[in-house]
Amino acid sequence: MPDTLASLDRVSAAYDGAPALNEVCLDLPDGRIIAFCGPNGSGKSTALKVMRGLHRPDGGTVEIAGRMLGDWTQKDLARQVAMLSQSPDAPSDLSVGDLVLMGRFAHRSRFGGPSAADRAACDRALDITEMADLKGRALAQLSGGQLQRAWVAMTLAQDAPRIFLDEPTNHLDIAHAFELLDLVMHLSRSENRSFVIVLHDLNMAMRYADHVVLFEKGRIAANGPTTEVLTEEIISSVFGIDCRIMPLDGLERPVIVSWGKASGVGVSGQASGKMRKICT
Amino acid sequence: MRRTAIALCLALCAAVVFSLHAGLTFYTPQTVFAALMGGEGADALIVTTLRLPRTAIGVVCGASLGLSGLLMQSVTRNPLAEPGLLGVNAGGALFVTFGVTVFGVASLAGIGVAAVMGALAATALVFSISASTGGAGNPATTLLAGFTVAALLASFTQTLLLIDETALETLLFWLSGSFSDRPIGLLQLGVPLLLIGAVGSFLLATPLDVLRLDDASARSVGVNVGVVRLAALGLAALLAAGAVAMAGPVLFLGLVAPHLARRLTDGALPSTRQLIVLSLLMGALIAVLADILARIIVAPGEAPMSAVLALVGVPMLIHLLHRRKGLAA
Amino acid sequence: MMAGVSALVRLLPVMLLVSVLTLAATGIGSSFMPPDRVVAALAGQGSRMDEVIVWTLRLPRVALAILAGAALALAGALLQRVVRNPMASPSVLGITDGAAVGVVLFLWLFSDQANNLTVSIHWQPLAAIAGAAAFGALVIALASLDRGSSKPLKIILYGIALAALAKAAVTLLIILGPVYRASQALTWLTGSVGAAHWQDVLAVGLGLAAVIPVLLLQRLTIRQLVLDPQSAAVSGLSLDRAQVCLLAVAVFLTAMATAHVGAIGFVGLVAPHVARIFHGQFRSGYLFSVALTGSFLVLAADTLARIIAPPLELPAGALTALVGAPLFLYLLVKGRQSHA
């Protein structure tokens with residue numbers, strides 16, 4: 001296995017002419033949990049989509065696992081990199097079992113039903129996500145948290161060594177969010193899988209990520225091991241908030257505590273999107 | 001904005017005047033003037049009994065359809081909503097056919113009332129279907145529901161006409177969608193409906209402005225979204241019904257007119273009030289122009305006006321789709 | 001294995017219905033034939049008269065209804081998957097109206113002064129196929145040129161626009177063309193299997209047979225299309241290629257069927273809905289169930305069209321709308337209640 005998960009070279013991307021990524025260069029190590037963090041609209045989700053071939057960059061090159069993105073066939077890429085997008089959608093009468101089986105698309109033979117390996121991968125994914133009991137339920141009958149776990153199960157059933165998650169904790173309450181990230185941690189340590197996760201909650205990134213990439217206005221503000229990137233100085237400059245990073249008894253990693261807008265100069269322009277809208 | 005409206009007004013007047021002159025034989029201004037002043041003879045007869053009525057009906061129909069399209073587009077937040085595409089014409093056609101074949105309706109008033117009822121029924125059907133499939137805000141679902149209902153109603157109409165061949169002869173002229181050979185008496189139905197529609201939409205203009213936001217935001221600033229939407233849809237249906245009763249099924253006018261009206265205004269987002277005025281004028285102008293074109297392009301024959309509109313409207317629709325990258329789904 | 005058995009159990013009633021209806025439809029006509037005589041004639045054991053009636057008059061018509069119904073229904077099911085909208089159908093995409101343009105243009109171009117066709121009428125299906133293919137290709141081309149994000153919506157919109165264009169073209173051609181041909185074109189437009197010959201049956205049958213292997217090979221793809229575009233792509237589906245390929249198959253099926261039976265509407269819309277309710281759209285054998293339902297609908301409509309007002313024969317297309325549309329509305333309302 002090559003030791004770079006992905007490498008981006010001067011990648012730019014835009015939506016309908018509005019720039020989202022600006023000449024980004026980035027090398028990501030394999031076998032780690034990598035968190036993409038940054039303010040709204042800083043380009044972290046776009047970077048993930050570009051890396052997975054879901055959004056065509058306007059310039060630059062992307063390599064995944066040592067091969068140019070354009071050289072992969074869809075199915076080969078799917079066997080290498082799975083991804084859970086931000087708002088996945090499937091018909092509400094689809095059953096959980098059928099949804100998870102769809103994750104096996106890249107592995108299934110064109111002929112006949114699912115193979116023993118397909119079934120085993122699905123059962124395992126359902127077990128890990130604790131969805132085995134709900135296998136026969138239709139998606140319409142699930143709660144928000146269960147639905148999200150069903151999609152996670154589908155992503156896991158794809159059996160890819162590298163998994164991208166775009167804000168996976170979005171619809172989850174705090175207990176389920178921790179559960180999901182514990183699962184990520186477990187899969188990363190026990191099976192040496194790589195994860196790239198877009199996370200809004202910096203404390204989650206601090207607690208679970210090995211490596212953090214901090215985005216700011218379509219560029220990379222900081223990139224490196226978690227504790228080197230998530231420092232008081234960098235956070236307050238990127239997010240425009242004051243914060244302290246302090247250790248808690250019994251926890252391996254420190255926690256970030258913030259109490260709002262920075263009093264310093266030069267940060268007002270980076271306030272949240274909502275603020276900016278009102279100002280202009 | 002005021003200048004645009006005045007320019008449109010002048011263009012409309014010019015088109016109307018030209019419409020009186022143009023046709024199989026072109027008349028000199030003197031002939032037309034003499035005819036309007038009560039002159040006699042074959043030429044005067046053609047001007048006063050053929051060209052004048054069709055021009056008047058064209059103006060009223062076009063204005064009605066333009067405004068109806070604007071209202072439907074505002075209410076559904078769907079830039080492609082249009083009475084013709086949403087099955088309103090087909091509803092009017094079916095009820096008229098039903099009235100003629102089953103109840104033996106023959107009077108103009110009867111046909112008018114049937115058309116209005118049919119148009120209203122079809123509107124109600126289409127919008128309740130698209131709402132019940134969860135697609136009130138989904139342009140695709142509303143359009144598909146309209147298309148499906150239109151196809152359904154059209155096949156009912158066809159079946160009725162197959163069974164009763166004499167009705168076919170009576171109705172064929174009406175079903176072809178044109179302003180020619182329409183009794184001028186139909187204006188007694190169309191003009192009041194147009195007035196009701198115009199006044200009503202002016203009253204609704206402010207809430208319709210707010211309705212450009214999403215429903216929740218509109219509600220939170222105090223707009224009764226359900227009532228406004230229902231009222232505007234009702235007006236749109238009435239306007240379209242008047243047009244159907246007068247001209248028969250006419251497609252695309254309701255789509256094209258508001259879009260061109262929007263193009264004319266500089267700057268972003270003209271107010272609904274401005275758009276109402278511009279759509280009325282633009283609809284009337286396009287209708288008169290299309291009618292003139294229908295008279296001329298295949299002379300000595302006469303092309304169906306609805307086909308002329310479609311041949312112009314479809315490329316425009318496709319252009320619109322292609323240009324619009326971020327069409328809200 | 002279990003899944004296969006349960007799918008078969010669900011398919012059996014539809015198969016049974018189609019077979020019974022086939023017997024009945026073959027028996028019904030200007031001279032009624034009881035089922036036992038129909039079966040005897042089919043097996044070659046009947047009277048000479050019965051065999052002639054069954055084999056040359058009634059069976060081609062029945063077979064054509066079955067095959068065309070299956071083709072239209074399959075096209076509808078494929079389109080609904082491609083555009084991810086249960087309201088899509090072949091007529092929405094301008095394919096049916098495109099076929100109509102082909103036919104009307106054919107009648108117009110190849111009529112001489114005396115309103116006689118200068119070429120054989122057997123070329124008419126080819127004209128219809130050409131028209132349908134041209135308009136279908138136009139929809140596909142416009143949609144694939146479009147780099148926008150919401151492609152399914154665009155496919156629908158382009159289809160509706162082109163359908164309107166085709167309708168306008170048909171109106172113009174009918175009015176400009178020879179009057180005598182107009183009535184002939186109108187009959188074709190309503191859709192009827194009345195003029196069926198074994199050649200038509202063979203053509204539609206071969207078309208269906210050509211499509212079946214494609215559908216079998218693509219069945220996972222067809223299923224994967226229910227996911228949102230991003231999830232589908234991430235799971236390894238080449239979305240653009242799959243959409244174009246299945247769209248092309250749907251155009252082909254519609255063109256084949258429409259060329260031989262005319263513009264029979266609503267089958268492509270209703271049959272997938274019915275199959276979804278009675279079979280389940282994610283159970284194996286769904287497409288088979290869709291095809292059978294389509295066959296049943298067209299056969300039933302044609303049979304009704306023959307017996308409703310004898311000796312007048314209504315076009316089957318009018319009947320499929322009369323039967324299909326209310327059914328469709330009912331299913332919509334019912335679907336709403338079950339979701340709430």
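Everything quoted here is computed from the prediction, not taken from an experiment. Residue numbers start from 1 in every chain, and the chains themselves are labelled A, B, ... in the order their sequence lines are given, proteins ahead of strands.
- Around atom OH of A:Tyr15, more than 12 heavy atoms belonging to other residues, nucleotides or ligands sit under 6.0 Å away.
- Of the inter-residue distances, the one linking C:Asp228 atom CG with A:Gln86 atom CD reads 11.5 Å to the nearest 0.5 angstrom.
- Atom CG of residue A:Leu84 and atom CD of residue C:Gln230 lie 10.0 Å apart, to the nearest 0.5 angstrom.
- Listed options A:Thr155, A:Leu94, A:Leu99 were ranked by heavy-atom pairs under 4.5 angstrom with chain C; first place goes to A:Leu94.
- Atom CZ in A:Phe105 sits 10.0 Å away from atom CG in C:Leu227 (nearest 0.5 Å).
- Atom CE of A:Met83 sits about 12.5 Å away from atom OG of C:Ser235, to the nearest 0.5 Å.
- Atom CZ of A:Arg67 has more than 12 heavy atoms from other residues, nucleotides or ligands within 6.0 Å.
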- Can you list the steps and then say if A:Asp93 with C:Arg276 is a salt bridge (charged side-chain N to carboxylate O under 4.0 Å, His left out)? CA-CA 10 Å; A:Asp93 54 339; C:Arg276 208 171 295 154; 6.0 Å; no
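- Atoms CG and CZ, on A:Asp98 and C:Phe282 in that order, are 7.5 Å from each other to the nearest 0.5 Å.
- Closest approach of C:Val226 and A:Met102 over heavy atoms only: CG2-CE, 3.5 Å.
- Looking at C:Leu239, there are no atoms closer than 4.5 Å to chain A (heavy atoms on both sides), in backbone or side chain.
- Inter-residue side-chain proximity for A:Gln158 and C:Val234 is flagged as met; some heavy-atom pair is nearer than 4.5 Å.
- Atom CZ of A:Arg124 has 12 or fewer heavy atoms from other residues, nucleotides or ligands within 6.0 Å.
- For a residue to count as touching a neighbouring chain, one of its non-hydrogen atoms must lie under 4.5 Å from one of that chain's; by this rule A:Leu77 does not touch chain C.
- For A:Ser87, the part sitting under 4.5 Å from any heavy atom of chain C is the backbone (N, CA, C, O) and nothing else.
- Considering every non-hydrogen atom in both C:Gly236 and A:Ala78, the closest pair reads CA-CB, 3.3 Å.
- Of the listed residues (A:Ala90, A:Pro91, A:Ala82, A:Ala106), the greatest number of heavy-atom pairs within a distance under 4.5 Å of chain C belongs to A:Pro91.
- Taken to the nearest 0.5 Å, the CD atom of C:Gln224 stands 8.5 Å off from the CG atom of A:Leu101.
- Counting heavy atoms from C-beta outward, A:Asp89 and C:Arg84 have side chains that approach closer than 4.5 Å.
- The shortest side-chain heavy-atom distance between A:Lys75 and C:Ser238 does not fall under the 4.5 Å cut-off.
- When each of C:Arg223, C:Arg219, C:Gln281 is scored by its heavy-atom pairs under 4.5 Å with chain A, the top score falls to C:Arg219.
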